[in-house]
Amino acid sequence: MRMEKTNNSLTTDFILVGFSDHPELKTFLFLVFSVIYLVTMVGNLGLVVLIYMECRLHTPMYIFLGNLALMDSCCSCAITPKMLENFFSVDRRISLYECMAQFYFLCVAETADCFLLAAMAYDRYVAICNPLQYHTMMSKKLSIQMSVGTFIASNLHSMIHVGCLLRLTFCKSNRIDHFFCDILPLYRLSCTDPFINELMIYIFSMPIQVFTIATVLVSYFYILFTICKMKSKDGRGKAFSTCASHFLSVSIFYICLLMYIRPFEEGNKDIPVAVFYTIIIPLLNPFIYSLRNKEVINVVKKVLNTYSTFKKSSRSTDH
């Protein structure tokens with residue numbers, strides 16, 4: 001045992017294996033993920049700017065939506081640039097601290113998404129089940145406080161797990177069979193017992209998941225119950241349309257989350273699910289909310305009309 005410990009050197013960097021099993025596809029995958037990354041950033045940051053600039057969208061629902069788009073941008077920035085670099089990198093190396101930073105920002109984004117989706121579910125519950133008390137129960141000030149609380153809780157949650165990861169020593173293989181640094185693959189490379197780390201997951205991560213999922217489920221139970229009691233077809237249709245985008249986004253997020261967690265518990269990798277969970281969902285969210293939301297579409301049309309009018313006036317001035 002002593003000889004093994006002295007012969008094993010501690011790992012200070014890792015190799016992200018990623019998509020190296022298909023080298024013939026690297027150019028195609030690079031182009032595809034580059035386009036996805038560009039569209040994701042433009043879509044999410046564009047939605048954030050749109051909500052910030054338009055006073056009509058300064059309501060609790062859109063404040064939560066803007067923060068969700070910001071977190072989706074953070075998630076994409078944490079994962080995609082390094083993945084794109086590794087398509088043409090010779091060694092595909094990532095340092096220990098780069099790995100910790102990547103996991104930190106991913107953890108912040110995903111934790112914030114859970115809280116924000118729960119807050120949006122509660123917002124829809126109040127809007128549909130208690131419409132007369134909506135401005136009292138869901139004020140702009142309260143939504144901002146909830147958003148700030150979400151960011152504080154997400155950062156603290158990430159700090160706890162990164163701090164626990166830094167106590168581990170890595171002296172086994174330095175190959176991570178994934179395209180980003182995730183917590184469970186790192187546990188397998190550790191020569192330190194990760195029991196405390198796993199305990200922190202059960203103490204902090206599991207309650208967050210249970211609380212946010214329960215909030216979403218209870219909110220939508222009351223929403224559906226209230227909608228079914230409505231006598232007017234127009235009222236039911238309007239109520240369904242106001243929460244359809246959010247329900248679709250929540251369903252995709254949690255289905256992918258459950259599919260993503262299960263393979264790692266079995267010790268296998270499932271890169272396609274991970275791609276959908278960390279890259280495709282941030283791409284889809286702004287389109288799900290924008291294309292199904294008349295207010296956002298109207299604001300976009302207003303901005304485009306203003307831009308075209310300004311362009312025409314500048315051309316006429318030049319002539």
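Given the structure is predicted, the values throughout are model-derived calculations rather than measurements.
- In this structure, N86 and F179 have side chains that are not in contact, with every pair of non-hydrogen atoms separated by 4.5 Å or more.
- Relative ring orientation between Y220 and H246 is described as parallel, the plane-to-plane angle staying below 30° on a 0-90° scale split at 30° and 60°.
- F115 and L106 are members of different hydrophobic clusters when ILVMFWY side chains are connected at heavy-atom separations under 4.5 Å.
- Between the side chains of D91 and S89, a donor-acceptor pair is found at a separation under 3.5 Å.
- Taking CZ of R167 as the reference point, atom CG of D193 lies at 7.5 Å (rounded to 0.5 Å).
- Sorted by first and then second residue, the disulfide (SG to SG under 2.5 Å) pairs with a member in residues 89-119 read C99-C181; sequence neighbours excluded.
- D13 and S95 share no donor-acceptor pair across their side chains, judged by distance under 3.5 Å alone.
- For the residue pair Y254 / T212, a side-chain donor-acceptor distance below 3.5 Å is found, with atom types taken as modelled.
- Side-chain contact between L186 and M100: present, with at least one pair of heavy atoms (C-beta onward) separated by less than 4.5 Å.
- In this model, a donor atom of one side chain and an acceptor atom of the other lie less than 3.5 Å apart for T192 and T169.
- Using a 4.5 Å heavy-atom threshold, the side chains of F88 and K26 count as touching.
- F204 has its side chain out of reach of L199: every pair of non-hydrogen atoms, C-beta onward, lies at least 4.5 Å apart.
- Looking only at side-chain heavy atoms (C-beta outward), F64 and M146 come within less than 4.5 Å of each other.
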